[in-house]
Amino acid sequence: MRYDAQAVERKWQTRWETEKTFATPTDRTRPKYYVLDMFPYPSGAGLHVGHPKGYVATDVVGRAKRMMGFNVLRVMGWDSFGLPSERQAVREGIHPREVTDRNIATFRGQLQKLGLAYDWDREFATSDPRHYKWTQWIFRKLYEQGLAYQADVAVNWCPALGTVLSNEEVNDGVYVETGDPVEPRTMKQWMFRITEYAERLLSGLDNVDWPASTEKKQREWIGRSEGAQLRFDIQGSDASFEVFTTRPDTLFGCTYVVLAPEHPLVDAITSDAQRGAIAAYLDETGKKSDRDRTSQAADAPKTGAFTGAYAVCPVNGEAVPVWISDYVLASYGTGAVFACPAHDERDHAFARTFGLPIREVVAGGDVQEAAYTGDGPHVNSGFLDGLDIDTAKSRIIAWLEERGIGKGTVNYKLRDWLFSRQRYWGEPFPIVFDDDGNPHLVPESELPVLLPDLTDFTPTTGSDGEPLPPLARAEAWMNSPHGRRETNTMPQWAGSCWYYLRFLSPDRDDVPWDTEEEKYWMPVDLYVGGNEHAVLHLLYARFWHEVLFDLGLVTTPEPFERLFHQGMIHAMAYNDDPDMQGKFFYPHEVEQTDDGFVAKSDGRKLYTKNMKMSKSRYNVSNPDDLCEEHGADALRLYELFMGPLEEGGQWEDAGVAGTRRFVDRVWRLVVDPLTGERPEKLVSAGTPDRDLDRALHAAIKKVTESVDDLRFNTSVSAMMVFVNEATSANTVTVEQVEAFLRILAPFAPHVAEELWERLGHTESIANAPWPAHDESKLAVDTITLAVQVNGKVRATIEVPAEASKDEVLAIARADEKVQSWLAKGELKREIVVPGRLVNLVIPGA
RNA sequence: GCGAGAAUGGCGGAAUCGGUAGACGCGCUGGACUUAGGAUCCAGUGGGAUUUCCCGUGGGGGUUCGAGUCCCCCUUCUCGCACCA
């Protein structure tokens, strides 16, 4: 009988469910292991084979760690609030909750077919009031700490959607999903003071095991820079402004100053003569988004306008002109800079554009030609002359501090976090406003603030022209006994900021998480997800976690001990345009000819490119189809076999056929396809074949290592080697097969369970102990060495494994082929690399 | 522009304290068993010569007895970040 994947998978998935095989253990005598997947957003499109790649990898880790004696927490849930569901709901004319429930059911069904060892009893969705009650509860904590506030801020306003979008949803001035234009607009929004945690978020990175590139991205995003803040007075006026600089040592080279166009002082100091020019410039630059303004190279041509005012350079009393320019950002530092064109590329470009003077203060370059940013002795700088940059910096900072003009300071690129959206499908804020418009927390006892039912989710505009969130139409809901409710909702990041804590005790309605459970399970030992979340999600979650830590609500400062990014899966895409800008074709619509690929329908030439798997590129493979055709185990194995986890790889459906053949061969080790009984060569007693034992223990070693280093592709390969050898061996012992099935089980759990049972075991293989590899079984009696002459392999010899260097050389020299090479010249040098090769240096040979 | 990573057969990928390049799989070729097989099994599969030879890890230099691996220069691709004073 052949292996019937469908039947076997149904049988074991049902059994795991009814016997609660993967329920989270409650005893506390064993070490714990919390392995977590970044939970998905349940979109309407369902899963393609790229999505579960990470889940399969963590499943191997979770199942193996469990067999190794750990208590494993392995869970799955849904990041189910968000704009796409709301838009889908509008399209289909139903409530987002229905859309969400349906999408979740699809996702869950697809994942369950893969046999992933989740504790499904802990599943939850962030849009469930039982979860968002506690999201609101955490918001209260942050608010009470003074970390949440309202402010008028410039936001990405999308008129077509009627909502504010986050920066990451906007690219080149349009919404990335729909292409609708986005414009800058100032609105009152909820903000989090994540900047207060900038230093902590930086130092915390020292104590986690994360990919270096991700750590670096977070550091750069936080963007710490040391420098000085100092005051410039406006000449002939009481007004003054502060500037931030990382190069206070170049203050003597200041020949003008620049304010951001939005700087509050601009209007007051502009001279009558310049008023027209300034107004024109403000008009021009006001149309640009912050992103447009910051997407320029440092030496790009600059724009700006002169205010007519002069400021006094504090270090030498010189009057320097005050300009405005959009290369100075209002949102960074103080929104004003002093310009030293000699030693700053941007200032240099600006000075060249407007003919402003360039004064060298650090020797070493030709500053009229280009800004010199290297080190050198200071010149034209009074008491700083002759000093290098570092010394000059500390000297000038001390000088400024003595006189009360400025001080050494630290600045961050990190901005406060804009936390409100004008949408329906998100967590309501636990906030009400009194008649004066002051915000107040909704009492903890009244949480959750439930999202009211609406039938229309589109945002509108109020009578004053201001945007109105959908919740503003829920009249009855809005008017609470405590005051008027906040009608904005939280962004999608909110629910995912702490979901890993909710998994610890999702059934508790009295607390967000059980403190004893938190002490035991946290931190997450292994967190696997895409690197597209390298900054935002992972930074936001760390921020909340740090706050919770400060409040004594969690016991670890960092939530995610080890982080790993699975790569993006690509697949061949077919398009009738060489740049992939035309019509895409499905693989089944394509035919390969001698001249390349053509469309079956009309024979038009097609171009191919490996592209990210995506429905819009017609290159997705559906896991359901592949489970149907080849079985879940074959699919799981191929997900891991196709390449290193962090590299993603090129998907080929045919590859699943290959791992399926492997599964079939495994099956035939235990089940004779003709009789359905054990094959005769599978013996319960007898001496295990030595070579087969070697392959077995090599595989055990490899697989065991891969559980920690996550290099599963070579582990699958090692298991294939064992099965190939076992298939051709004369006898295979039950002991060998049982050891093999246990290392196979995390990868291909269904077939492993079935064969384990056929070998007489009554308990699930998921609870069987992990086999240890025996180093002595890897040893060999004789080894084959390459004999090189002048670095080229000319012969191979068999030598005893224990042979000495001299013995090896003697055998090598005695070799017939080697003899002929020795005859060609004088043997100058002999190199023996134990266990590897012999190299004979014979000049002239 | 800056930064990071990558480039190995027809394809996915192995092998990096420098030590027999191409494990394992896909695909392909030939054969066996078969009414048939996209089933299974056996053999082969980097290129070129063809008996023990030459050339091969994006290109060009270098170090070394020996380089996919180390160093220098270049090309291409992918992914980040992009006027943060």
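These numbers come from the heavy atoms of this one structure, side chains and all, not from hydrogens, waters or symmetry mates. Just so it is clear: chains get the letters A, B, ... in the order the sequence lines come, proteins before strands, and each one is counted from 1.
Within the nucleic acid shown, A/K609 comes within 4.0 Å of sugar-phosphate atoms alone, with no base atom in reach, counting heavy atoms only. Residue A/N531 is classed as having no contact, given no heavy-atom separation below 4.0 Å to the nucleic acid. A/S225 comes within 4.0 angstrom of sugar-phosphate atoms only, judged by non-hydrogen atoms across all strands, and of no base. Backbone-only contact: A/R711 has heavy atoms under 4.0 Å from sugar-phosphate atoms and none from a base. Among the heavy atoms of the strands, none lies under 4.0 Å from A/V243. If you check every strand for non-hydrogen atoms under 4.0 Å, A/G333 touches nothing. Counting non-hydrogen atoms under 4.0 angstrom, A/K413 reaches a base of the nucleic acid. Here A/K792 lies in heavy-atom contact (under 4.0 Å) with sugar-phosphate atoms only. If you check every strand for non-hydrogen atoms under 4.0 Å, A/A300 touches nothing. No engagement by A/S213 is indicated, since no non-hydrogen atom pair under 4.0 Å with the nucleic acid exists.
Using atom P as the reference point in both B/G27 and B/A21, the two lie 28 Å apart (nearest Å). Taking the P atoms as reference points, B/G1 lies 13 Å from B/C74, given to the whole Å. Nucleotides B/G12 and B/G80 are separated by 25 Å at their C1' atoms, to the nearest Å. Atom C1' of B/A49 sits at a distance of 8 Å from the matching atom of B/C54, rounded to the whole Å. Atom name C1', nucleotides B/A23 and B/G13: the rounded distance is 10 Å, in whole Å. Rounded to whole Å, the P atom of B/C17 lies 16 Å from the corresponding atom of B/A7.
Considering A/T195, A/L201, A/V535 in turn, A/L201 is the only one that fulfils the side-chain contact (heavy atoms from CB on, under 4.5 Å) rule with A/I222. Residue A/M719 forms a side-chain contact (heavy atoms from CB on, under 4.5 Å) with just one option from A/V666, A/V703, A/I700, A/L696, and that option is A/V703. Checked against A/F662 for a side-chain contact (heavy atoms from CB on, under 4.5 Å), the options A/N724, A/D633, A/L744 give a single hit: A/L744.
Protein atom CE of A/M719 is 16 Å distant from nucleotide atom P of B/A14, rounded to whole Å. Rounded to whole Å, the distance from CD1 on A/I783 to C1' on B/G19 is 13 Å. Rounded to a whole Å, the CZ atom of A/R665 is 11 Å from the C1' atom of B/C41. Spacing between atom CD of A/E532 and atom P of B/U78 amounts to 18 Å, rounded to whole angstrom units. For the pair A/E220 CD and B/A4 C1', the computed distance is 10 Å after rounding to whole Å. For the pair A/D653 CG and B/G27 P, the computed distance is 12 Å after rounding to whole Å. As rounded to whole Å, 13 Å separates atom C1' of B/C24 from atom CZ of A/R661. In this structure, the CG atom of A/N790 is 16 Å from the C1' atom of B/U20, given to the nearest Å.
Comparing A/R668 and A/V721 against RNA chain B, the residue whose closest nucleotide sits nearer the 5' end is A/V721. Judged by closest nucleotide on RNA chain B, A/S717 is the one of A/S717 and A/D326 placed further toward the 5' end.
Classification of B/G66 as anti follows from a glycosidic angle more than 90° from 0.
For A/K817, whose side chain is taken as the heavy atoms from C-beta onward, the closest listed nucleotide among B/U52, B/G66, B/A14 is B/U52.
Looking at every heavy atom in both residues, A/L645 comes nearest to A/K53 through O-CE, 3.9 Å.
Remark: aromatic rings of A/Y256 and A/F354 are distant, center separation not under 6.0 Å.
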Expected string for nucleotides 6-13 of chain B under the B/S/- scheme (protein heavy atoms, under 4.0 Å, primed atoms plus P, OP1, OP2 as sugar-phosphate) is ------BS
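Remark: A/E830 engages A/R813 in a salt bridge, criterion side-chain N to carboxylate O under 4.0 Å. In summary, A/R224 and A/E199 engage in a salt bridge, as defined by a charged side-chain N under 4.0 Å from a carboxylate O. Between A/D664 and A/R668, none of the side-chain N atoms (NZ, or NE/NH1/NH2) sits under 4.0 Å from a carboxylate O, so this pair counts as no salt bridge.
Taken together, the paired segments of RNA chain B that extend over three or more consecutive Watson-Crick or G-U pairs, each closer than 3.5 Å at both contacts, are B:1-7 with B:75-81, B:10-12 with B:24-26, B:27-32 with B:40-45, B:46-48 with B:53-55, B:58-62 with B:70-74.
Shown for residues 828-836 of chain A: residues whose heavy atoms fall under 4.0 angstrom of RNA chain B, namely A/R829, A/I831, A/V833, A/R836.
For A/R794 and B/C54, the shortest distance from a side-chain N or O to OP1 or OP2 is below 4.0 Å.
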